[in-house]
Protein chains: 2
Amino acid sequence: MTLADTAYDSLRRDIMRGHLPPGQPLRLEALRARYDMGFSPLREALNRLQSERLVVSASMKGFIVAPLSLPEMWEAIEARVLVETEALRLSILRGDDAWEAGVVAALHALGLAAARGEPETLEARHAEFHLSLIVACGSGWLLDFARKLSAATERYRAPVLAGDTAPRDVQGEHAALAEAALARRAEEAPALLAAHYRRTGERIAARMAA
Amino acid sequence: MTLADTAYDSLRRDIMRGHLPPGQPLRLEALRARYDMGFSPLREALNRLQSERLVVSASMKGFIVAPLSLPEMWEAIEARVLVETEALRLSILRGDDAWEAGVVAALHALGLAAARGEPETLEARHAEFHLSLIVACGSGWLLDFARKLSAATERYRAPVLAGDTAPRDVQGEHAALAEAALARRAEEAPALLAAHYRRTGERIAARMAA
DNA sequence: CACAACAAAATTTTCGAAAATTTATGTTTA
DNA sequence: TAAACATAAATTTTCGAAAATTTTGTTGTG
């Protein structure tokens, strides 16, 4: 792995987890000190992240962490619903035994991580579960879009997840989703997925208003 | 505009027009001579193009122009159908007077370019027309995806367009599409759009087989 | 006091050389 | 002969300084 790849991963994680807050200018000298590398790999990583809309840049004025807003969140969620419902439909149509096994495994791992409560691994298992559902869709484009939209929406989830008191059986939603997918219910499973994402959006919108 | 932006535009155009053929290695020294700039802006451009799947790279082995294949073409076309039919639906729902005027103007300009027959401008007007249809969708994500998929599919069209003899009233399809969109027929217009893209795919597949 | 005009500082962008890695070439050995 | 290995060449990747640009601060002017 090259340094540019490392820079990409580090910056991406720090932006997604909010450690680099929205709107913050990304000064090259500061990044150089933080990640201990030269300008070149950092700039290459920033150019990639710009294509994924995690950072924005103005010519000759450098890069900043992409800002957040409620309208942008809904834009990302609705795009994600479009892409992932179709990808799930295709996975249900095309998925083989290995796909089914992957879904079962990811759901189980997610349950374990949720019980343990470590936010770091929980976040990773959550992403892996949602990926496992659509991974058999057969379209690299849809998987690519889903990955970018997942990163974009994750930025809204993380800061809110902390003080979330209202009860919600997320693991139950996940289980129902997995069951519908494995039973090849090509209408119900995408509907559950869409509702799942929109419910998360409502939850975030409610907390951001408060 | 920075040199990196120039490099991005030049490389993108040369790849889309097939002047840099699929699979060709993109040696930095050769690019440096071709575009008359240093390594840094070229590498930044290549990193962006990698995010758009126009080039692919292996760690420490540099970049190559992304290869073409019939399965990949259909993948891109079907993803494009998904994204643009939804974006068109939204445009029909939300588009205002300026949107309608833009569609009419783009259709007219496309007709003029087609009559004149300059492939360079025709290509640009064609892309502008299809963009005009969906530009009022209100989703930056969908427009972003559409732009990338448009670039990906254009690569298949260009080489085939030359020796295309079988008759097809493309401008008629475009006119019908615009009419349905402007009449706010939210079912028919997306269907016409999907058929339009798939027909182009069939045409290309037929010629690639021969 | 507002506001240009200019200079200084900070920052981004670009370059070319150095370092790291891969690929090609030739030589030895079993 | 063919595999294994060393060596050289080609190429990518990275660095740090130089160039270009923007931002900040200062001074002079109406």
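Letters A, B, ... are given to chains in the order of the sequence lines, protein chains preceding strands, and every chain is numbered from 1.
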Return yes if a side-chain donor-acceptor contact under 3.5 Å exists between A:Thr6 and A:Asp9, otherwise no. no

Taking A:Ser132's backbone N and O only, do any of them form a donor-acceptor pair with A:Trp99's side chain (distance below 3.5 Å, no angle check)? yes

For nucleotides 19-25 of chain D, give me every protein contact, N/O to N/O, under 3.5 Å, one pair per line with atom names.
none

Would you say that B:Gln24 contacts B:Ile64 through its side chain, given a criterion of any heavy-atom pair below 4.5 Å between the two side chains? no

Partner set under side-chain contact (heavy atoms from CB on, under 4.5 Å) for A:Arg89, not counting sequence neighbours: A:Thr85, A:Glu86, A:Pro190

Between B:Arg94 and B:Ala136, is there a donor-acceptor pair closer than 3.5 Å when you use the side chain of the first and the backbone of the second? no

Under a 3.5 Å distance rule, please check whether A:Tyr156 uses its side chain to pair with a backbone N or O of A:Leu70 as donor and acceptor. no

Between CG of A:Leu31 and C1' of D:dC15 the distance, given in whole Å, is 16 Å

Figure out the CZ/P separation between A:Arg32 and C:dT13, and round it to whole Å. 17 Å

Among residues two or more places apart or on two chains, list those pairs meeting side chain to side chain donor-acceptor pair (under 3.5 Å) that have a residue in residues 133-147 of chain A. A:Tyr8-A:Arg147, A:Asp144-A:Lys148

Give the rounded distance in Å between these two atoms: CG of B:Leu42 and C1' of D:dT12. 13 Å

Under 3.5 Å, side-chain donor or acceptor atoms of residues 105-116 of chain B against the rest of the protein: list the pairs with distances, not counting sequence neighbours.
none

I need the B:Leu142 CG to A:Leu82 CG distance, nearest 0.5 Å. 6.0 Å

Expressed in angstrom and rounded to an integer, what is the separation of B:Arg43 atom CZ from D:dC15 atom C1'? 13 Å

For B:Glu75, enumerate each residue passing the salt bridge (Lys or Arg N to Asp or Glu O under 4.0 Å) test, keeping only those at least two apart in sequence or located in another chain. none

Residues passing the side-chain contact (heavy atoms from CB on, under 4.5 Å) test with A:Leu26, sequence neighbours excluded, are A:Leu20, A:Leu31, A:Leu46, A:Val55, A:Phe63, A:Val65

side-chain contact (heavy atoms from CB on, under 4.5 Å) partners for A:Arg198, two or more places apart: A:Glu78, A:Val81, A:Ala194

Ionic contact status for A:Glu52 with A:Arg12, cut-off 4.0 Å: yes

Give me the residues of residues 19-30 of chain A where at least one heavy atom lies under 4.0 Å from an atom of DNA chain C, by number, or none. A:Leu26, A:Arg27, A:Leu28

For B:Glu120, look at atom CD and say whether over 12 heavy atoms of other residues, nucleotides or ligands are found less than 6.0 Å away. no

Less than 4.0 angstrom from a charged side-chain N to a carboxylate O is my criterion; do A:Arg157 and A:Glu123 meet it? no

Any side-chain to backbone donor/acceptor pair from A:Arg184 onto A:Gly95? Under 3.5 Å, distance only. yes

Within residues 5-13 of chain A, the residues having a heavy atom closer than 4.0 Å to DNA chain D are none

In residues 46-53 of chain A, which ones come under 4.0 Å of DNA chain D, going by heavy atoms? none

DNA chain C-proximal residues of residues 33-41 of chain B, any heavy atom under 4.0 Å: B:Met37, B:Gly38, B:Phe39, B:Ser40, B:Pro41

What's the CD-P distance between A:Glu44 and C:dT12, to the nearest Å? 17 Å

Listing time: all N or O pairs from protein to nucleotides 6-8 of chain D that are below 3.5 Å?
none

Before accepting this row, confirm whether a basic side-chain N of the pair A:Arg199/A:Glu173 lies closer than 4.0 Å to the acidic partner's carboxylate O. yes

Which is it for A:Arg43 and B:Ser40 under the side chain to side chain donor-acceptor pair (under 3.5 Å) test, yes or no, and what are the steps along the way? CA-CA 9 Å; A:Arg43 285 186 60 85; B:Ser40 312; over 6 Å; no

